[in-house]
There are 2 protein chains.
Amino acid sequence: MPVSKRQLEERQMRQDRILNGALEVFKTKGLEGATMDEIAIESGFGKATLYYYFHSKEEVFAAILENGWKDLWASLEPVIAGEEGPRKTFVNVLLKIAENAKNRPGLYEFLFNAPKVITFEEQPWKRYQNRMYGTIQGLLEDGIKAGEFPNINPQLLFKAMGGLFMGLVLMGDRKHPVSEKDVEDLLNKLIADPTQK
Amino acid sequence: MPVSKRQLEERQMRQDRILNGALEVFKTKGLEGATMDEIAIESGFGKATLYYYFHSKEEVFAAILENGWKDLWASLEPVIAGEEGPRKTFVNVLLKIAENAKNRPGLYEFLFNAPKVITFEEQPWKRYQNRMYGTIQGLLEDGIKAGEFPNINPQLLFKAMGGLFMGLVLMGDRKHPVSEKDVEDLLNKLIADPTQK
DNA sequence: TTAATATTCGAATGGTGAGTCGAAAATTAA
DNA sequence: TTAATTTTCGACTCACCATTCGAATATTAA
């Protein structure tokens, strides 16, 4: 194992390089369809080298998800900690996710779709995912209670918003990406704020 | 090849049986992860028999999508041909899809998610899919023009509604399935009809 | 009943791809 | 410079799986 800080960093960068290549391949081929040979070519290493950095194909796959969700959650924390009301916070959270997604569309498409395919138990990234969903769900509940949203069963509203947002931000059209403003406008137009009116 | 009508029908039923078994397997394992052995066991035939009815695993996979989209489209046609206004028709189309999905949740989850993974060109089922999406898009455009929807870029509204609906109907909780009424209420609450007011 | 046809399937075949090995090259430390 | 130590990778193994074979069984037709 490496010693100096630089060595550690370079090692990290090589891992990231592999992960990026792997993402490309997983995105189009899926977990089973992707081959380590392809990932090796895509990331510019020999196949055996991949195994120097990761134990298995599954580990590579999981690492992408783990990093992705962790970073996403980290970026959301300050937004959530902010002292705004539930409605505002809710919108801000979605906007922050959209911002992330805009920077790395491939990654986020993957983050939000891959889980469906996987059934492994106990994936560490699930913790972040659950935390995020839980938070959003909570914001909706609070917001409805506070009368800041239309009075809808929170469960339903959560599903609807989740889908809506996914559709908006991820079902893209590289050509016509959805701007933050679009997202904000649409949210406000669709979920009219009863207290404003 | 069979001769009598009964023979033809029985053959058809056996194919369907295989397709149903295959769906179970594909749903959890994906195209690559699924094995013909599993499909054979699941559907109650010997593996070699599968090849008597289909040429390849891909063909089985494609047949599920083809049948699914074709049937869905067939069930939508009368709704679309109906003489209601765009807004009403739009809602009816979504409700009809929801109805279908409720009857065969596994199939519809598959129909709407599998395509992402597949990149084959020229799949016949894509024709049905495109026709459906095109129609819905058209309804939204007409509806906006007629002032029956909030004035939003139709592209955006389409994405949003597509996602919302998918979230509602497919991201389920077997335990708390979303009722048609829920869907209808929600649609009406979120996309307020400006002409009603 | 017998011949033709349709259906079924277990056992081979062949290719593919995950993961390993052992040796080389590159880098760091002494 | 030399001796570790780290990194790289082509070639190999081996299990798995789609697909095919060839023979058996069942059904229909004469």
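Sequence lines set the chain letters: A, B, ... in the order given, protein chains first and strands last, and positions in each chain run from 1.
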Q: Verify the ring-centre separation between Phe61(A) and Phe110(A): is it less than 6.0 angstrom?
A: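 Yes, close enough.
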Q | Ring centre gap for Phe112(A) and Trp69(A) strictly below 6.0 Å | A |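 So the answer is yes for these two rings.
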Just the table, please: protein N/O against nucleotides 25-28 of chain C N/O, every pair under 3.5 Å.
{"from": "dT28(C)", "atom 1": "OP1", "to": "Arg6(A)", "atom 2": "NH1", "distance (Å)": "3.2"}
{"from": "dT28(C)", "atom 1": "OP1", "to": "Arg6(A)", "atom 2": "NH2", "distance (Å)": "2.1"}

d([atom1], [X]; [atom2], [N]) in whole Å:
X	N	atom1	atom2	value
Glu32(B)	dC16(D)	CD	C1'	14 Å
Leu8(B)	dT27(D)	CG	P	18 Å
Leu50(B)	dT7(C)	CG	C1'	13 Å
Arg11(B)	dA6(C)	CZ	C1'	9 Å
Lys57(B)	dG15(C)	NZ	P	18 Å
Arg14(A)	dC9(D)	CZ	P	11 Å
Tyr52(B)	dA24(D)	OH	C1'	14 Å
Tyr51(B)	dA12(C)	OH	P	18 Å

Q. For Tyr53(A), which contact category applies under a 4.0 Å heavy-atom criterion: base, sugar-phosphate, or nothing?
A.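 Sugar-phosphate, backbone atoms only, no base.
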Under 3.5 Å, N/O pairs linking protein and nucleotides 9-11 of chain C:
{"from": "dC9(C)", "atom 1": "OP2", "to": "Gly46(B)", "atom 2": "N", "distance (Å)": "2.6"}
{"from": "dC9(C)", "atom 1": "OP2", "to": "Thr49(B)", "atom 2": "OG1", "distance (Å)": "3.1"}

Q | Residues in contact with DNA chain D, drawn from residues 15-26 of chain B - heavy-atom cutoff 4.0 Å | A |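 Listed by number, there are none.
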Q) OG1 of Thr35(B) to NZ of Lys57(B): how many Å apart, nearest 0.5 Å? A)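 Result: 7.5 Å between the selected atoms.
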Q | Listed once per pair and sorted, the side chain to side chain donor-acceptor pair (under 3.5 Å) pairs that draw on residues 70-80 of chain A, sequence neighbours left out | A |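 Qualifying pairs: Trp73(A)-Glu77(A), Ser75(A)-Asn100(A).
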(Q) Let's go through Thr135(A) and Val93(A) carefully: what are the C-alpha distance in whole Å and the side-chain angles of both, what is the deciding distance for side-chain contact (heavy atoms from CB on, under 4.5 Å) to 0.1 Å, and is it a yes or a no? (A) CA-CA 10 Å; Thr135(A) 302; Val93(A) 165; 5.7 Å; no
Less than 4.0 angstrom from a charged side-chain N to a carboxylate O is my criterion; do [X] and [Y] meet it?
X	Y	result
Lys96(A)	Glu99(A)	yes
Lys145(B)	Glu141(B)	no
Glu38(B)	Lys29(B)	yes

(Q) Using a 4.0 Å cut-off on heavy atoms, which residues in residues 33-42 of chain B reach DNA chain C? List them by number, or say none. (A)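 Residues of residues 33-42 of chain B under 4.0 Å from DNA chain C: none.
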Q) Among all residues two or more places apart in sequence or in another chain, which pass the salt bridge (charged side-chain N to carboxylate O under 4.0 Å, His left out) test with Glu42(A)? A)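 Scan of Glu42(A) (salt bridge (charged side-chain N to carboxylate O under 4.0 Å, His left out), adjacent residues dropped) gives none.
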Q) What do you reckon, is CZ of Arg17(A) surrounded by more than 12 foreign heavy atoms closer than 6.0 Å? A)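 No, the 6.0 Å shell around CZ holds no more than 12 heavy atoms from other groups.
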**Q.** Chi angles and distances behind the ring-ring contact (aromatic ring centres under 6.0 Å, His included) call for Phe45(A), Tyr52(A)
**A.** CA-CA 11 Å; Phe45(A) 291 93; Tyr52(A) 182 74; over 10 Å; no
Q) Is it the case that Asn92(A) and Arg87(A) place a side-chain donor and acceptor less than 3.5 Å from each other? A)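 No donor-acceptor contact under 3.5 Å links the two side chains.
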Q: Run the numbers on Lys159(A) and Asp182(B) for side-chain contact (heavy atoms from CB on, under 4.5 Å), then give the verdict.
A: CA-CA 12 Å; Lys159(A) 280 194 193 183; Asp182(B) 285 335; over 6 Å; no
Q | Linked, directly or transitively: Tyr133(B) and Met166(A) (ILVMFWY side chains, under 4.5 Å) | A |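 Yes, one cluster joins them.
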